[in-house]
Amino acid sequence: MSTVSVLAATLLLLTACASVPEAPPSSLAEARDAIASAEQSDARQYAGAELDEANRKLAMAENAMSSEKRTEADQYAQQSRVTAELAMARTSAAKAEDVNRQMRRDAEALSEELERTGGKQ
């Protein structure tokens, strides 16, 4: 094979590779999934600021991806995922606190009832 043929084949291969768009990093899908999970866990009610931040970071990742800045897109997507996970954790903690608060009220009401009735049934 001549040098010209090898160069032509190499050039053709490089052109073909350059024209295939790269798949988005898996971190984008992971960020989307984490945001969806956070939304399903009522994070909007308990951790709205974190959920908004996760959505902002995801938008930044998508913009970076459309500008072919894969590393930047991956970093923003990872930040988005972590922030969505934080929103879920804060939501879980807030829900647990709500349950604890209700249990304390119920226990106080029971104690008051026992005091009122003198513990008799």
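Keep in mind that the numbers below use all heavy atoms, side chains included, and drop hydrogens, waters and symmetry copies.
Note that the CD atom of Q75 and the OG atom of S27 stand 9.5 Å from one another [nearest 0.5 Å]. Distance check: I35 CD1 to L51 CG gives 7.0 Å after rounding to the nearest 0.5 Å. Atom NZ of K95 and atom CZ of R90 lie 16.0 Å apart (nearest 0.5 Å). Taken to the nearest 0.5 Å, the OH atom of Y76 stands 12.5 Å off from the CZ atom of R56. Atom CE in M88 sits 16.0 Å away from atom OH in Y46 (nearest 0.5 Å). Once rounded to the nearest 0.5 Å, the distance linking CZ of R44 with CD of E39 reads 6.5 Å.
Shortest non-hydrogen contact noted between A77 and A31 is O-CB, 3.4 Å. Nearest heavy atom pair, residue A54 against residue S80, reads O-OG, 2.8 Å.
Counting only heavy atoms from C-beta outward, the side chains of L58 and L28 approach each other to under 4.5 Å. The closest side-chain heavy-atom distance from K57 to E53 is below 4.5 Å. E113 places none of its side-chain heavy atoms less than 4.5 Å from the side chain of E108.
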ask   = Where do R116 and E112 land on the salt bridge (Lys or Arg N to Asp or Glu O under 4.0 Å) test, with the steps shown first?
value = CA-CA 6 Å; R116 189 179 64 76; E112 289 173 8; over 6 Å; no
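Salt bridge present: R81 and E85 bring a charged side-chain N and a carboxylate O closer than 4.0 Å.
A donor atom on one side chain and an acceptor atom on the other are not found under 3.5 Å apart for D98 and Q102. T91 and D42 form no side-chain donor-acceptor contact under 3.5 Å, judged by distance and modelled atom types alone.
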